[in-house]
Number of protein chains: 2
Amino acid sequence: MRKANIADVALRAGVSTKSVSRVLNDEPNVRPQMRAKIEEAIEALGYKPDLAARSLSSGRSFIIGLLFDNPSPNYTMKVLQGTLDACHQAGYQLVIENVDTASPTIGQAMEAMLQHRRMDGMVVTPPATDSPAVLDALERANLPYVRIAPNKFPGRSMTVSADDQAAVSDVVRHLWNLGHRRFGFVGGPASHGASMWRHDGFFAALAERGVEPGEIQEAEGDFTFTSGIGAGRQLLRAEPRLTAIFAANDDMAAGIFTAAAQLGIKIPDMLSVVGFDDSWIAKSVWPELTTMHQPIAEMAHIAVRTLIASRNGKAVKEPAPQNCHLIVRGSAGPVGQ
Amino acid sequence: MRKANIADVALRAGVSTKSVSRVLNDEPNVRPQMRAKIEEAIEALGYKPDLAARSLSSGRSFIIGLLFDNPSPNYTMKVLQGTLDACHQAGYQLVIENVDTASPTIGQAMEAMLQHRRMDGMVVTPPATDSPAVLDALERANLPYVRIAPNKFPGRSMTVSADDQAAVSDVVRHLWNLGHRRFGFVGGPASHGASMWRHDGFFAALAERGVEPGEIQEAEGDFTFTSGIGAGRQLLRAEPRLTAIFAANDDMAAGIFTAAAQLGIKIPDMLSVVGFDDSWIAKSVWPELTTMHQPIAEMAHIAVRTLIASRNGKAVKEPAPQNCHLIVRGSAGPVGQ
DNA sequence: GCCCCGATAGACAGCGCTGTCAATTTCGGG
DNA sequence: CCCGAAATTGACAGCGCTGTCTATCGGGGC
């Protein structure tokens with residue numbers, strides 16, 4: 001018993017193949033009665049349209065690309081999960097493309113990729129979101145794309161992002177309410193957009209509460225665990241000792257744990273630490289890390305839906321920034337004596 | 001200027017489209033001179049065959065599926081990297097499929113997936129490798145598949161695995177040479193194949209050196225960081241104190257770090273810890289974790305190549321077990337006084 | 001009751017490639 | 001130099017679906 005095709009369905013429903021096609025594609029001008037007949041036949045035969053044929057015939061490919069550049073596995077996996085799920089729901093396939101944004105030949109790599117694979121659209125994740133070469137190539141290929149949480153070129157494309165400012169402000173409120181008044185901040189390289197926003201948001205929220213920038217101890221890392229250790233050591237030298245440190249990502253926050261342990265400083269009794277990302281490492285330290293969860297999978301989901309919707313010619317309005325929320329675990333507690 | 005198709009190439013080379021097709025598919029019986037002409041034309045026009053048309057016409061899909069079931073992001077990312085790379089090289093696309101092996105409806109989920117997507121083959125990762133429902137569905141669909149490091153049903157399919165036994169034996173040699181004589185082992189659930197092998201390999205290698213099983217302290221975790229803390233606390237109660245602990249994966253090894261820190265036991269001065277997997281967490285503890293690296297990406301690469309080769313009708317011989325190697329970092333040192 | 005027009009359904013021709021099979025060329029041996 | 005077999009090339013018909021265009025239907029306005 002071979003797989004049913006559109007002709008089988010048409011035959012069983014006593015209609016033309018084109019009508020079946022109309023139902024499949026949700027086209028207008030199909031009488032309800034006919035639609036019902038056809039849907040019954042599809043159901044009965046377990047018919048699934050053949051993607052290759054559909055693609056060949058219509059020019060659409062039913063493939064969404066996911067472009068990523070090797071950031072943390074946690075992040076990528078979450079994006080993957082969101083895009084995958086959205087693609088499945090919409091009957092699309094997901095094709096993963098890994099590029100090296102920093103490579104000088106990135107332009108050619110993109111060309112090759114775009115020529116070879118026919119895609120209906122592409123989801124772009126940081127840091128590829130901020131590479132002019134990548135964006136240029138995409139635009140030259142006339143391929144619709146959505147960027148997730150880009151740091152540069154706002155307005156250049158459809159975009160889905162998180163509300164970083166509000167998120168950081170929540171972190172500050174949480175720590176403030178626990179009684180903390182002496183703060184440290186571990187940022188990433190100044191060139192990194194996300195790092196900058198988190199920095200600015202942190203300082204701004206504290207300023208609102210009357211804490212001057214000069215009162216806040218600051219160290220710079222590079223988003224790695226190791227750099228977090230160094231930053232932690234540096235900050236924990238301060239006298240009187242800080243009671244709370246906010247790190248711009250979880251890996252650096254975990255590094256602070258190690259620095260604290262080496263200095264005999266107990267978390268959370270003597271020091272509260274808050275991270276950002278709710279990445280996988282947050283549950284791999286003890287006590288588990290209080291951190292800001294970004295709805296990465298949801299953002300990815302939205303990105304795919306936006307892409308598919310825009311393909312249908314409908315003008316799609318930019319989705320609003322997504323809300324983050326604080327995951328309270330054990331690493332931040334009331335200020336000690 | 002629209003994209004070139006096979007007819008354009010044929011025209012430019014002054015041959016039939018079928019001949020071009022022969023060159024594209026590397027079929028025999030093409031004279032070198034003709035092949036050269038055609039390749040020149042392909043080059044000149046920058047021609048890339050259309051996957052959808054190829055697929056529709058030949059029945060092959062040029063798509064390889066990657067089936068995974070939500071294990072650690074690190075592991076999955078490595079598999080992803082390997083399969084992705086191999087697919088690219090062979091001009092295939094990779095489609096990710098996420099399933100829940102434990103779900104009671106896994107059979108139906110597999111059916112639905114296999115019906116909808118036409119694939120040329122599938123790479124299956126643990127724990128899906130050991131689910132009869134998954135394997136049954138694959139076989140019913142008559143889809144070639146390769147399992148990576150399966151724990152059950154040896155011989156049921158093509159398989160790529162690592163040489164766990166030899167790997168664990170290396171761990172033992174390393175610790176033994178550092179002077180350790182009092183060992184602890186943290187395993188996973190006994191039902192888990194990988195865990196069992198690592199357990200048996202560890203005990204066997206020590207037995208060779210005259211250490212009786214009864215002398216080895218043992219605790220059971222479930223591969224999570226948290227369970228590692230518990231296991232660590234339990235093992236570190238032993239008197240005289242153990243000098244080396246081997247954990248069946250890195251997450252649990254990291255848990256032991258936390259337990260040790262809480263008990264004031266310094267690593268590596270007072271305790272050596274070795275993990276398994278060389279996962280991402282290995283570099284997110286301090287000192288960094290000495291651990292066994294499995295060539296996961298390479299294994300995935302081989303799996304894809306095996307799949308593609310077997311598709312061509314050629315009988316493919318089972319690839320040999322892949323070699324692991326020990327990554328020496330700071331967590332295991334000479335036995336203290 | 002008739003005409004006109006929009007709504008609905010169907011016929012048909014490809015999309016770009018490969019499988020099949022037939023036509024042609026080449027080559028070795030007699 | 002001729003013949004048959006093997007090697008090489010090409011013609012052609014789809015693969016399963018959708019775009020385009022045409023035919024038909026149904027209903028409102030006069």
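All values below were derived from every heavy atom in this structure, side-chain atoms included, with hydrogens, water molecules and symmetry-related copies excluded. A note on names: the letters A, B, ... follow the listed sequences, proteins ahead of strands, and every chain is numbered from 1.
- Of all nucleotides listed (D/dT18, D/dT9, D/dG14), D/dT18 comes nearest to the side chain of A/Ser21.
- Contact annotation for B/Asn29: base contact, defined as any heavy-atom pair under 4.0 Å involving a base atom.
- Rounded to whole Å, atom P of D/dT18 lies 12 Å from atom CD1 of A/Ile38.
- Contact annotation: B/Ser19 side-chain N/O to D/dG10 OP1/OP2 distance is under 4.0 Å.
- Backbone-only engagement by B/Val15 is indicated by non-hydrogen atom pairs under 4.0 Å involving sugar-phosphate atoms exclusively.
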List the steps and the verdict of side-chain hydrogen bond (donor to acceptor under 3.5 Å, both in side chains) for B/Ser103 and B/Thr105.
-> CA-CA 5 Å; B/Ser103 149; B/Thr105 58; 3.0 Å; yes

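- With D/dG26, C/dA11, C/dG19 as the choices, the nucleotide that has an atom nearest any side-chain atom of B/Lys18 turns out to be C/dG19.
- With A/Arg147 contributing its side chain and A/Lys152 its backbone, the two residues share a donor-acceptor pair below 3.5 Å.
- Remark: A/Arg31 is in phosphate contact with C/dA9, judged by side-chain N or O atoms under 4.0 Å from OP1 or OP2.
- Residue A/Leu56 contributes atom CG, which lies 12 Å from atom C1' of D/dG14 at whole-angstrom precision.
- At the phosphate of D/dC15, neither OP1 nor OP2 sits under 4.0 Å from any side-chain N or O atom of B/Ser57.
- Remark on the helix from C/dG1-D/dC30 to C/dG30-D/dC1: inter-end axis angle 30°, axes from five-pair C1' superpositions, rounded to 10°.
- Ion pairing between a basic and an acidic side chain is recognised when a charged N comes within 4.0 Å of a carboxylate O; B/Lys3 and B/Asp8 show no such pairing.
- In this entry the distance linking CZ of B/Arg54 with C1' of C/dC17 reads 9 Å, nearest Å.
- Each of A/Pro32 and A/Thr17 was assigned the nucleotide of DNA chain C with the nearest heavy atom; the assignment lying further toward the 5' end belongs to A/Pro32.
- Counting to the nearest Å, the P atom of D/dT18 and the CG atom of A/Asn5 are 12 Å from each other.
- Look at CG on A/Leu51: it is 17 Å from C1' on C/dC17, rounded to the nearest Å.
- Considering only side-chain N and O atoms, A/Arg22 lies nowhere under 4.0 angstrom from the phosphate OP1 or OP2 of C/dA9.
- Among the heavy atoms of the strands, none lies under 4.0 Å from B/Val20.
- Of the possible polar contacts, none joining the A/Glu39 side chain to the A/Lys37 backbone as a donor-acceptor pair under 3.5 Å is found.
- Within the model, atoms CE of A/Met122 and CG of A/Leu67 stand 4.5 Å from one another, a figure rounded to the nearest 0.5 Å.
- The side chain of B/Asn25 places an N or O atom within less than 4.0 Å of a non-bridging phosphate oxygen (OP1 or OP2) of C/dT18.
- Mapping B/Ala53 and A/Ser58 onto DNA chain D by nearest heavy atom places B/Ala53 closer to the 5' end of the strand.
- When distances run from any side-chain atom of A/Asp50 to the nucleotides D/dG10, D/dG16, C/dC17, the shortest one goes to D/dG16.
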Run the numbers on B/Gln89 and B/Asp85 for side-chain hydrogen bond (donor to acceptor under 3.5 Å, both in side chains), then give the verdict.
-> CA-CA 6 Å; B/Gln89 281 179 18; B/Asp85 187 58; 3.3 Å; yes

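- Ionic pairing of B/Asp26 and B/Arg35 is present here: one or more N-O contacts between side-chain nitrogen and carboxylate oxygen are shorter than 4.0 angstrom.
- Of the candidate nucleotides D/dT9, D/dG19, C/dG10, D/dT9 has the atom lying nearest to any side-chain atom of B/Val30.
- Between the CD1 atom of A/Ile6 and the P atom of D/dG14 there is a distance of 19 Å, given to the nearest Å.
- Between B/Pro154 and B/Thr159 the shortest side-chain heavy-atom distance does not fall below 4.5 Å.
- Rounded to a whole Å, the CE atom of B/Met34 is 11 Å from the P atom of C/dT26.
- Across C/dC17, C/dA11, D/dG16, the shortest atom-to-atom separation from the side chain of B/Tyr47 is found for C/dC17.
- Atom CZ of B/Arg60 is separated from atom C1' of C/dG19 by 12 Å (rounded to the nearest Å).
- We find that B/Asp136 and B/Arg156 are joined by a salt bridge, their nearest charged nitrogen and carboxylate oxygen being less than 4.0 Å apart.
- Out of C/dG16, C/dT18, D/dT9, the shortest distance to the side chain of B/Leu24 is found at C/dT18.
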